[in-house]
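Below: one structure, written as structure tokens.
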Amino acid sequence: MLNLKNIHTHYGKIEALHGVSLNVAQGEIVSLIGANGAGKTTLLMTICGDPIASEGSIEFLGEPINEKSTSEIMRSGISIVPEGRRIFPGLTVEENLQMGGFFMSKEDYQKGTEHVFSLFPRLKERINQRGGTMSGGEQQMLAIARAMMSTPKLLLLDEPSLGLAPIIINQIFDIIAQLRDEGVTIFLVEQNANQALRLADRGYVLENGLLVMEDSGDNLLANDDVRKAYLGG
Amino acid sequence: MSKKVPFALFCAGLTVILAFPILGLNLEHKGTSLVVTGADNWTLIGVLVAALIVFVTQLLKSQIKATYQAVKPNFGGLIQRLPGEDKRKLISKLVLIALIIAALVLPFFTSRQWPDIATLVLIYVILGLGLNVVVGLAGLLDLGYVAFYAVGAYSYALLSQYFGWSFWACLPIGTLLAATFGLLLGFPVLRLRGDYLAIVTLGFGEIIRILLNNFTSITGGPNGIGNIPKPSLPFIQFEPNFEIVWLEFGRRATDGGVPFHKFFDLPYDSSLKVIVLYLIALALAVITILIIQRLIRMPVGRAWEALREDEIACRSLGLNRTAIKLSAFTIGASFAGFAGSLFAARQGFINPESFIFWESVIILAIVVLGGMGSQIGVMIAAAIVVLLQELTAEFDEYRLLAFGAIMVLMMIWKPQGLLPMKRPHIKLKQE
């Protein structure tokens, strides 16, 4: 579904990714783990076309997308939940969702809201509340709901567990599993390696701009190097 | 108490010291002694009284506050006593109707000075609402907004002077021209943000003004353009034959129409043309309000706000940030052109002096005072700012002082503006 081949990304003269190749197949959850500064977020942003990869190719559903602009990529069936949630704090929950379904017809929008409200009943209760006044967990739910409004085929998640309490993290990961069961392909970038790998069908480990490991989630969890580096021994 | 005495003395002393530069007092040597010049005795007494007031207020500050708290009107109780929602809706409707009737009828019963000032207020209402789209909603700080205002005014003035076109033909042209300028300026500058955008737009405003000043062969340079006709109104005549007559409201027809008083065989009334212009301004302002209200409720309005809130999130949702910014910039500019044409018609004479940087500041102040993004707030602020300017015309040198004082007070008590923008459709359920 998503195919990256030999991706190099530069920030000015500094090369952040030194040739990353990975693929995500239809219907799986793929996790990408790595330390701070390994290039995880850069990789996600490169898929979205900001920054644009200086070398290599990105294919989505068989079509090259690395030449497209960010707004075109985001309308072609990919959604991203950006790092740090980035909801619109001054707009209400409903308006946030409307922004997520900006390019949809009225009927599709209706269907979209019903769908996300069934995933997150909490948001329905808060429909007229400003996004910025909600708790971190609710904001994360809103961010995922907003990304789901456009009924993406591929959902990119950038650290959905950032700054949340363990019980909320569990809820969020349950929702991610539920989305996969509905047929959404998920590419998950996480620091919380333990939970990310347990959920994932496959996992990649990124180190200093290079993929150093690729295996099934369970195998990576059992791997000694991974345990040492990311799971605390 | 004892600690407060030195502080109060310090404040009083500060008052006296500040009075010197503000009131233009001078200390001069006369022989061996210093003498205060530039003021009569009453001014000095005034300064001393002011210092005394400051001293006493500072000394008794806590007592004054306590008294105020005790007699402060109880707003909480007031809200509880407010009528129910249906009744409130009815009342607000009645108030709105009363306001509209008052706006339509009142000018006929006042001196001609008032409709004239009200026209100016309405022009600033249009300007404020237009800039509100750019600054308040889309969050793009535009310090050169007056350039688009100038484009609208000059397009009417020039088209009527060179081609004899009427106000109603020039109004849409001026609007479109200003929009085009907005679009042209928008393309290069919109990748800038915040301070940088402000500086570039400021420069653009100055470029337009200097261009108008130096393009003497066409714009008349600093001499400006005079004899700009006032708008005429169409009147459909059935007898003796069916035709549309353009009525003018001056003593003599200047725009190819028929003077109103001759047509209806009435005595000439010089205040009529002011009132008619006011009514036209009212209609145009109402149109502006309705259009912008519509835009805010439309997806594009939400997109402007979303862009102000978080640009990266907007992009992550597939929105084209350039298109959104350009639309805000263009629409804001077009309303400035709209107001500009009206301004040229009201003044009858324009020159680049009307479009200096200070005008941009005033319009921005209206938006900030009113509360960013708030429509009603901007309208009230426009009225306050224009009235303040017009009514204090005699105290010209103190105008900036009053302006600064109001701004500072606002920032202390109402940093969100007079009527901060409210999110619509929030309803509290009663349990």
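Keep in mind the model is a prediction, meaning the values are calculated, not measured. In what follows, chains carry the letters A, B, and so on, assigned in the order in which the sequence lines appear, proteins first and then strands, with residues in each chain numbered from 1.
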Turns out that what part of A:D50 lies under 4.5 Å from chain B's heavy atoms comes down to side chain

Around atom CG of B:L183, are there more than 12 heavy atoms of other residues, nucleotides or ligands at under 6.0 Å?
-> yes

If you draw a 6.0 Å radius around CD in A:Q191, do more than 12 non-hydrogen atoms from other residues or ligands fall strictly inside?
yes

Count the heavy atoms belonging to other residues, nucleotides or ligands that lie under 6.0 Å from OH of A:Y204, then report whether that count exceeds 12.
yes

Step through the shown structure and confirm whether more than 12 heavy atoms of other residues, nucleotides or ligands are within 6.0 Å of NZ on A:K68. yes

- Message: Taking atom CG as the centre, does A:D108 end up with more than 12 heavy-atom neighbours from other residues, nucleotides or ligands that are less than 6.0 angstrom away?
- Response: yes

Separation between CZ (B:R302) and CD (A:E95), nearest 0.5 Å, reads 6.5 Å

When rounded to the nearest 0.5 Å, the distance separating CE of A:M74 from CZ of B:R315 is 10.0 Å

Correct closest heavy-atom pair for B:L317 and A:G100 would be CD2-CA, 4.0 Å

If you tally heavy-atom pairs under 4.5 Å between each of B:A313, B:C314, B:A323 and chain A, the highest tally belongs to B:A313

SG of A:C48 to CD1 of B:I312, rounded to nearest 0.5 Å, is 11.5 Å

A:E67 atom CD, neighbour heavy-atom count above 12 within 6.0 Å
no

So, the part of A:P89 with a heavy atom under 4.5 Å from chain B: the answer is both

Counting only heavy atoms from other residues, nucleotides and ligands, does the tally under 6.0 Å from CG of B:L409 exceed 12?
yes

Closest heavy-atom pair, B:S316 versus A:I80, reported as atoms and distance to 0.1 Å, is CB-CG2, 3.4 Å

Closest non-hydrogen contact found for B:D310 with A:I87 is OD2-O, 4.2 Å

The interface call for A:R85 against chain B, heavy-atom contacts under 4.5 Å, is neither

Residues, nucleotides or ligands: over 12 heavy atoms within 6.0 Å of B:I376 CD1: no

Closest heavy-atom pair, A:R75 versus B:N320, reported as atoms and distance to 0.1 Å, is NH2-CB, 4.4 Å

Between B:A306 and A:F88 the two heavy atoms that sit nearest each other are O-CE2, 3.3 Å

